[in-house]
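Both ligands and their constituent atoms are indexed starting at 1 by order of listing. Hydrogens, waters and symmetry mates are skipped; everything else that's a heavy atom, side chains included, is used. Predicted model, so just to flag it, every value in this text is computed and none were measured.
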Amino acid sequence: MADISCQLLVIGAGPGGYVAAIRAGQLGLDTVIVDDRKPGGTCLNIGCIPSKALIHAADEFFAMREAAAKRGIPGISASEPDLDWAEIVGWKDGIVNRLTNGVTGLLKKARVKLVPGRARFLDGKTVEVTSETATQRIAAENVIIATGSIPVELPMLPFGGKVISSEEALSLAAPPERLAVVGGGYIGLELGTAFAKSGSAVTIVEATDRILPTYDADLVRPVRTRLEALGVEILTGAKAKGLAGGDGDLLVELADGSERRVGADSVLVTVGRKPLTEGWGREELVLEMDGPFIRTDDTRRTAMRGVYAIGDVAGEPMLAHKAMAEGEMVAEIVAGERRRWDKRAVPAICFTDPEIVTVGLSPEEAKASGTEIRIGSFPFQANGRAMTLDRDDGFIRIVARADNHLVLGIQAVGAGVAELASAFSLALEMGACLEDVAGTIHAHPTQGEAFQEAAFKALGHAIHI
Ligand code: FAD
Ligand code: NAD
């Protein structure tokens, strides 16, 4: 006999799971959500939010150091700032607590029952939840699997000691004097930049021939330039081989086959994340897989009736806002509404310095799909607002169909461009044409004007260049 019965059981209270549970509760479904961590998942506890807090703190510290060295805006001087990393980590933890408590409150408001513990399927409709104090059985008419993802571990650099994952990197006692980052993707570059600005000597070890290999070279160039200006050493085509003599330097095989020792007090391994598909009784279910992910259809239903999968466990892109959108959709489906995944694009932002935003197709992807395209690109060097912010590196680029000017993709690199992602996504989701973007009044002076100018440029008549 089950201890609890419900219409909907959600396993995992990350951005996918908690959004699904809140929406289901709003729709009147009798909903239970299980997690052994505070609600918010990877994103709120050990991912998006704490990383962005440290990135911001590092930016503030770095700006003060630049002022102290008289390298900032002429006329501003300051004395060398102090860094109390423990206090910064405490401030970051305070933000995390506010948010996770907030999610707990939202679940309560939506009348969702939060059961702390680890869930394990007994069969397709029954789950056992184990916590330190109790074991409970939950029987559910529908289940959403939202177990998220975990960091990939390298066999020659297992986590432990000086080899850390992003989770430990977010709660260090102090910035390591020398930090080696294995993997020059999202996490490695976001955190590597923050530690470089906080005083660490950072070396990035990336296996492919360039950092951020999933972004096109034009977008990555300003980021690389900035990293080099920060004194970050970048080794591409480089493979980490392990630690010399147990706990020594990081051994790296360089592109030419030679070996190099990288001195490091901490080695941050950020070579990707993998969906969490083990440890919760998947073998009790009859699910189909899609590579490492659980296969779902466009309603996020798995091969089993009444069992859904969302978020990182259900496929790329492994991003919080994609998980949330799936959570909201599946809750409505379980409540009987007709919904399916029909998003035109999922925006992606890399919170490096400068930031990178992409939505929709890159020029190469659009060309590869056989579409004839027009491209307009506008540099921040010609944007007044960028100059007043003392950061005119980067550009905004717009990709559109050549025949009807439908916007297919938008990319930007520049300081603070993350906040433009919403405007870019809206343009794509609304099916905007170049004329719509060009014909929209963009307030002056803003970086967004470069978006309008990129559209003008694609139409052949940019004004300010
Ligand atoms: P998760 O957030 O991973 O949540 C899954 C939850 O399920 C966890 O709380 C886990 O404890 C729980 N769980 C797992 N198994 C069980 C079980 N058997 N029983 C009970 N509970 C279980 N994405 C962005 O969009 N923007 C960013 O800026 C960003 N920054 C990131 C920075 C870092 C350092 C990291 C690591 C990730 C970042 N991400 C970012 C990715 C983002 O965190 C994930 O895409 C997002 O959290 C996925 O949400 P989810 O709900 O699928 O899973
Ligand atoms: P990633 O996939 O972004 O980057 C991993 C990098 O490691 C790649 O460049 C890859 O070529 C490299 N690599 C792989 N094996 C290697 C090896 N043996 N030696 C050296 N380099 C190696 O992965 P991540 O940075 O760990 O982030 C994981 C995921 O988390 C991301 O894909 C993203 O979905 C999510 N995330 C998103 C954000 C954001 O939205 N701003 C921030 C952080 C994380």
Enquirer: Looking only at heavy atoms, is any part of P50 under 4.0 Å from ligand 1, and if so is it the side chain, the backbone, or both, or is it neither?
Expert: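 For P50, there is no contact with ligand 1 at all, from either part.
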Enquirer: Would you check the N or O atoms of G16, main chain and side chain alike, for any that come under 3.5 Å of an N or O of ligand 1?
Expert: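 N/O-N/O distance under 3.5 Å: yes.
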Enquirer: Compare R37, R118, K38 and give the one whose heavy atom is closest to atom 13 (N) of ligand 1.
Expert: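 Ranked by closest heavy atom to atom 13 (N) of ligand 1, first place is R118.
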Enquirer: Looking only at heavy atoms, is any part of I187 under 4.0 Å from ligand 1, and if so is it the side chain, the backbone, or both, or is it neither?
Expert: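 Side chain only.
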Enquirer: Once side-chain contact (heavy atoms from CB on, under 4.5 Å) is applied, do any residues pair with L426, and if so which ones, sequence neighbours excluded?
Expert: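 Once residues adjacent in sequence are excluded, the partners of L426 under the side-chain contact (heavy atoms from CB on, under 4.5 Å) criterion are M430.
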Enquirer: Taking the basic N atoms (NZ, or NE/NH1/NH2) and the acidic carboxylate oxygens, is any pair closer than 4.0 Å for K113 and D30?
Expert: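 Looking at D30 together with K113, the answer is no, because their closest N to O distance does not fall below 4.0 Å.
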Enquirer: Using heavy atoms and a threshold below 4.0 Å, how should the contact between R273 and ligand 1 be classified: side chain, backbone, both, or neither?
Expert: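 Just the side chain.
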Enquirer: Check each heavy atom of R120 against ligand 1 and say whether those closer than 4.0 Å belong to the side chain, the backbone, both or neither.
Expert: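 Neither; nothing of R120 gets under 4.0 Å from ligand 1.
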Enquirer: Any carboxylate oxygen within less than 4.0 angstrom of a Lys/Arg side-chain nitrogen, looking at K125 and D123?
Expert: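 Looking at K125 and D123, the cut-off is not met.
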Enquirer: Would you give me the side-chain donor-acceptor pairs under 3.5 Å for residues 413-425, sequence neighbours excluded?
Expert:
residue	atom	partner	partner atom	Å
S425	OG	A421	O	3.0

Enquirer: Would you check whether G117 reaches within less than 4.0 Å of ligand 1, judged by its heavy atoms?
Expert: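 Contact present.
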Enquirer: Check ligand 2 against the protein and report each N/O to N/O distance under 3.5 Å, formatted as atom name, atom name, distance.
Expert:
residue	atom	partner	partner atom	Å
ligand 2	3 (O)	Y186	N	3.1
ligand 2	9 (O)	E206	OE1	2.7
ligand 2	9 (O)	E206	OE2	3.3
ligand 2	11 (O)	E206	OE2	2.7
ligand 2	21 (N)	A207	N	3.2
ligand 2	23 (O)	G272	N	3.4
ligand 2	25 (O)	Y186	N	3.3
ligand 2	25 (O)	I187	N	2.8
ligand 2	26 (O)	G272	N	2.9
ligand 2	34 (O)	M318	O	2.7
ligand 2	40 (O)	I349	O	3.3
ligand 2	41 (N)	E190	OE2	2.7
ligand 2	41 (N)	I349	O	2.7

Enquirer: Using the test disulfide bond (SG atoms under 2.5 Å apart), find all partners of C350 that sit at least two apart in sequence or belong to another chain.
Expert: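 Once residues adjacent in sequence are excluded, C350 has no partner under the disulfide bond (SG atoms under 2.5 Å apart) criterion.
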Enquirer: Heavy-atom distances under 4.0 Å decide this one: backbone, side chain, both or neither, for N45 against ligand 1?
Expert: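 The answer is neither.
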